Amino acid sequence: MAGSFNKVILLGNLTRDPEVKYTPSNLAICKLGLAVNRRYTTADGQKHEEVTFVDCDAFGKTAETISKYLKKGRPVFIEGRLKLDQWEKDGQKFSKLKVVVDTFQFVDSAQGGGGGGGGGGGGEVEGDDDGGRPQVKTRPAGRPAPAAPEISEEDIPF
């Protein structure tokens with residue numbers, strides 16, 4: 001194989017409120033947890049549910065938007081890439097697989113939180129990675145859904 005490909009697409013619910021912190025250079029970093037459910041039926045007809053918990057990191061404007069509009073329990077659609085974090089503590093090595101968020105979309109309309117787009121899922125945020133920290137590009141999050149055309153009773157066929 002000539003190259004490699006690292007893309008993750010997840011749809012799940014936030015397990016906690018997103019936490020945003022800033023680096024000394026004022027780059028926003030948002031940590032969030034996602035629960036992704038898988039429902040299946042075994043060969044003998046028993047229904048099961050499997051939950052996978054995924055830690056995700058978002059950077060820059062994406063991080064700020066996520067922390068502003070999303071709260072625990074909200075569903076969210078995330079696209080990103082896998083990243084293996086490795087560190088050493090007290091002479092012992094640790095590692096953890098995470099998802100770095102490149103883009104996300106609101107899945108439902110904002111529930112009591114400020115802003116989301118009308119009609120369920122009005123915003124999307126995109127980011128690029130230049131090998132180091134993400135260089136974030138954004139589209140307006142929470143942009144309003146296109147207005148529905150006016151329909152009179154005469155237009156309804158039944």
Side-chain angles (χ1 to χ4, degrees), residues 1-44 46-117 120-143:
M1 184 175 192
S4 61
F5 186 74
N6 183 355
K7 183 77 167 180
V8 175
I9 300 173
L10 300 170
L11 174 62
N13 295 328
L14 292 180
T15 60
R16 61 184 182 270
D17 287 344
E19 302 169 31
V20 69
K21 294 182 180 179
Y22 290 85
T23 65
S25 63
N26 210 29
L27 175 68
I29 301 173
C30 182
K31 297 190 174 296
L32 55 141
L34 198 65
V36 180
N37 298 332
R38 175 180 173 249
R39 293 182 181 96
Y40 62 95
T41 305
T42 60
D44 62 355
Q46 289 187 328
K47 295 184 187 241
H48 289 277
E49 184 171 3
E50 167 185 288
V51 181
T52 301
F53 296 96
V54 182
D55 286 327
C56 303
D57 291 337
F59 297 90
K61 194 72 170 166
T62 303
E64 291 173 341
T65 303
I66 287 172
S67 69
K68 184 175 180 179
Y69 293 110
L70 295 178
K71 300 291 180 212
K72 178 180 178 177
R74 285 279 306 266
V76 64
F77 178 85
I78 288 177
E79 290 184 61
R81 61 183 171 82
L82 289 175
K83 181 177 185 299
L84 181 65
D85 282 345
Q86 297 177 314
W87 68 96
E88 192 172 320
K89 183 177 178 182
D90 301 328
Q92 190 173 3
K93 293 183 179 186
F94 295 91
S95 64
K96 185 174 197 167
L97 200 56
K98 290 185 171 186
V99 171
V100 175
V101 178
D102 291 328
T103 65
F104 78 96
Q105 289 186 353
F106 300 111
V107 175
D108 63 349
S109 59
Q111 299 169 333
E124 181 176 316
V125 181
E126 243 178 43
D128 270 347
D129 185 31
D130 260 349
R133 294 259 186 231
Q135 302 299 314
V136 179
K137 300 176 186 174
T138 62
R139 282 184 265 197
R143 63 183 175 249

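Numbers here are sequence positions counted from 1. From a predicted model like this one, the values you see are computed outputs, not experimental measurements.
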K.L.:
Who passes side-chain hydrogen bond (donor to acceptor under 3.5 Å, both in side chains) against T41, sequence neighbours left out?
P.N.:
none
K.L.:
Among D108, L14, I66, L11, find the residue that satisfies the side-chain contact (heavy atoms from CB on, under 4.5 Å) test when tested with V76.
P.N.:
L14
K.L.:
Between T62 and D102, what is the shortest heavy-atom contact and its length?
P.N.:
OG1-O, 4.4 Å
K.L.:
With sequence neighbours excluded, tell me which residues meet side-chain hydrogen bond (donor to acceptor under 3.5 Å, both in side chains) with E49.
P.N.:
N37
K.L.:
Is the number of heavy atoms from other residues, nucleotides or ligands under 6.0 Å of D44 CG greater than 12?
P.N.:
yes
K.L.:
Over all heavy atoms of both residues, which pair between Q86 and S95 is shortest? Give the atoms and the distance, please.
P.N.:
CG-CB, 3.9 Å
K.L.:
Is there a side-chain contact between F94 and D85 (heavy atoms, below 4.5 Å)?
P.N.:
no
K.L.:
Under the side-chain hydrogen bond (donor to acceptor under 3.5 Å, both in side chains) rule, collect the residues that match up with K72, sequence neighbours excluded.
P.N.:
none
K.L.:
Are side-chain heavy atoms of I9 and F77 found at a separation under 4.5 Å?
P.N.:
yes
K.L.:
To the nearest 0.5 Å, tell me how far I78 CD1 sits from L32 CG.
P.N.:
5.0 Å
K.L.:
Would you give the length of the straight line joining atom OG1 of T42 to atom NZ of K47, rounded to the nearest 0.5 angstrom?
P.N.:
10.5 Å
K.L.:
Under 4.5 Å between any side-chain heavy atoms of V99 and L34, yes or no?
P.N.:
no
K.L.:
Could you state the interatomic distance from CG (L82) to CG (N6), rounded to the nearest 0.5 Å?
P.N.:
5.0 Å
K.L.:
Do K7 and E79 make a side-chain contact, defined as non-hydrogen atoms from C-beta onward lying under 4.5 Å apart?
P.N.:
yes
K.L.:
Quick one: closest heavy-atom pair of A28 and V20, and the distance?
P.N.:
CB-CG2, 4.0 Å
K.L.:
How close do T103 and V101 get, counting heavy atoms only, and between which atoms?
P.N.:
O-CG1, 3.5 Å
K.L.:
With sequence neighbours left out, write down each residue that passes side-chain contact (heavy atoms from CB on, under 4.5 Å) with K21, or none if nothing qualifies.
P.N.:
none
K.L.:
The test is salt bridge (charged side-chain N to carboxylate O under 4.0 Å, His left out); show your working for R38 and E50 and say whether it passes.
P.N.:
CA-CA 5 Å; R38 175 180 173 249; E50 167 185 288; 3.7 Å; yes
K.L.:
Quick one: pull up CZ in F104 and SG in C30 and give me the separation to the nearest 0.5 Å.
P.N.:
9.0 Å
K.L.:
Write out all pairs satisfying ring-ring contact (aromatic ring centres under 6.0 Å, His included) with one or both partners inside residues 22-44, taking only residues at least two apart or from two chains.
P.N.:
Y40-H48
K.L.:
Quick one: side-chain hydrogen bond (donor to acceptor under 3.5 Å, both in side chains) partners of K96, sequence neighbours excluded?
P.N.:
D55
K.L.:
Please round to the nearest 0.5 Å and tell me the distance separating atom CD of E64 and atom CZ of F59.
P.N.:
13.0 Å
